[in-house]
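Lettering follows sequence order; numbering is per chain, from 1.
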Amino acid sequence: MTKLPKSFYQRQDVVKIALELIGKVLVTNVNETLTSGVIMETEAYSDRERGCHAYKGMTARNKVMFGEGGIAYVYLCYGIHRMMNVVTNKKGKADAVLIRALKPLVGIDRMIERARANSIARLTSGPGKLTKALGIGRELNGQSLKGSDIWIQDEGINVTKHQIVSSPRIGIDYAGEDALLPWRFSFKDSEWVSR
DNA sequence: TACGTGATCACG
DNA sequence: GTGATCACGTAA
């Protein structure tokens, strides 16, 4: 029930944080509706590599990434999908973790309604799908993860390191050789991860 | 494999 | 202003 403390997010190693977020619970409280899911897949982004939105410096879109660790970075992708990221590191260091997949936990009926899905299967198995199911919109961009609308808590499943697999990140061919970094983490053999 | 969809960014 | 681009999802 306890929200992760700022100290969790403000550490320097974004790759380690992405790994540790597997098994934690992402919760939203939007329109007086509580919905949540266990984080099953993440990706780390660091302002020192080409895959990151902040690689070339601050812009109107990515400026919340330069804030202190522990806030949400939500942006629109391909004109359709909203992407939910957790900003990490200290103020001025623009690192973030993309949340890519969840195992639905609380408010499943409401999540199915929001996503106009037929069932729980693959309801939150992708970064654009989970934001729809949890009601995450751009109004949450820049919001603190210690606030009352969106947060992460430490009551998912117990995860050991050998249950997590790492692989290259998805959809960032433009990053050249940085696209090969094994900075995507997912729960091994899970039906809840993206394809 | 193809493409919808609209904000964003680098131009100048 | 304008045009290329894009951390996806679906359908075929």
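- Where Arg138(A) and Ile80(A) each meet DNA chain B at their nearest nucleotide, the meeting point lying more 5' is that of Ile80(A).
- Across all strands shown, the partner of dT8(B) is dA4(C), judged by Watson-Crick or G-U wobble contacts whose two distances both fall under 3.5 Å.
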Problem set entry | Test log, rule side-chain hydrogen bond (donor to acceptor under 3.5 Å, both in side chains), inputs Ser194(A) and Glu41(A) | CA-CA 8 Å; Ser194(A) 68; Glu41(A) 181 179 340; 2.8 Å; yes

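- Here dA10(B) presents its P atom at 14 Å from OH of Tyr55(A), a figure rounded to the nearest Å.
- Using a 4.0 Å heavy-atom distance criterion, Arg61(A) is classed as a sugar-phosphate-only contact.
- Contact annotation for Gly128(A): backbone-only contact, meaning every heavy-atom pair under 4.0 Å involves sugar-phosphate atoms and none involves a base.
- Proximity of Leu102(A) to Trp192(A): side-chain heavy atoms (C-beta onward) are nowhere separated by under 4.5 Å.
- Ala175(A) comes within 4.0 angstrom of nothing in the nucleic acid, heavy atoms only.
- Running 5' to 3' along DNA chain C, contacts with non-hydrogen atoms of chain A at under 4.0 Å begin and end at dC6(C) to dT10(C).
- Atom OH in Tyr78(A) sits about 15 Å away from atom P in dA2(B), given to the nearest Å.
- Looking at Arg138(A), its side chain never comes within 3.5 Å of a backbone N or O of Arg82(A) through a donor-acceptor pair.
- The residues Glu43(A) and Arg100(A) are annotated as salt-bridged, a charged nitrogen and a carboxylate oxygen being separated by less than 4.0 angstrom.
- Side-chain atoms of Thr160(A) and Gln163(A) include a donor-acceptor pair closer than 3.5 Å.
- Residue Arg122(A) is classed as having no contact, given no heavy-atom separation below 4.0 Å to the nucleic acid.
- One finds a salt bridge joining Glu20(A) and Arg11(A) here, because a Lys/Arg side-chain nitrogen approaches an Asp/Glu carboxylate oxygen to under 4.0 Å.
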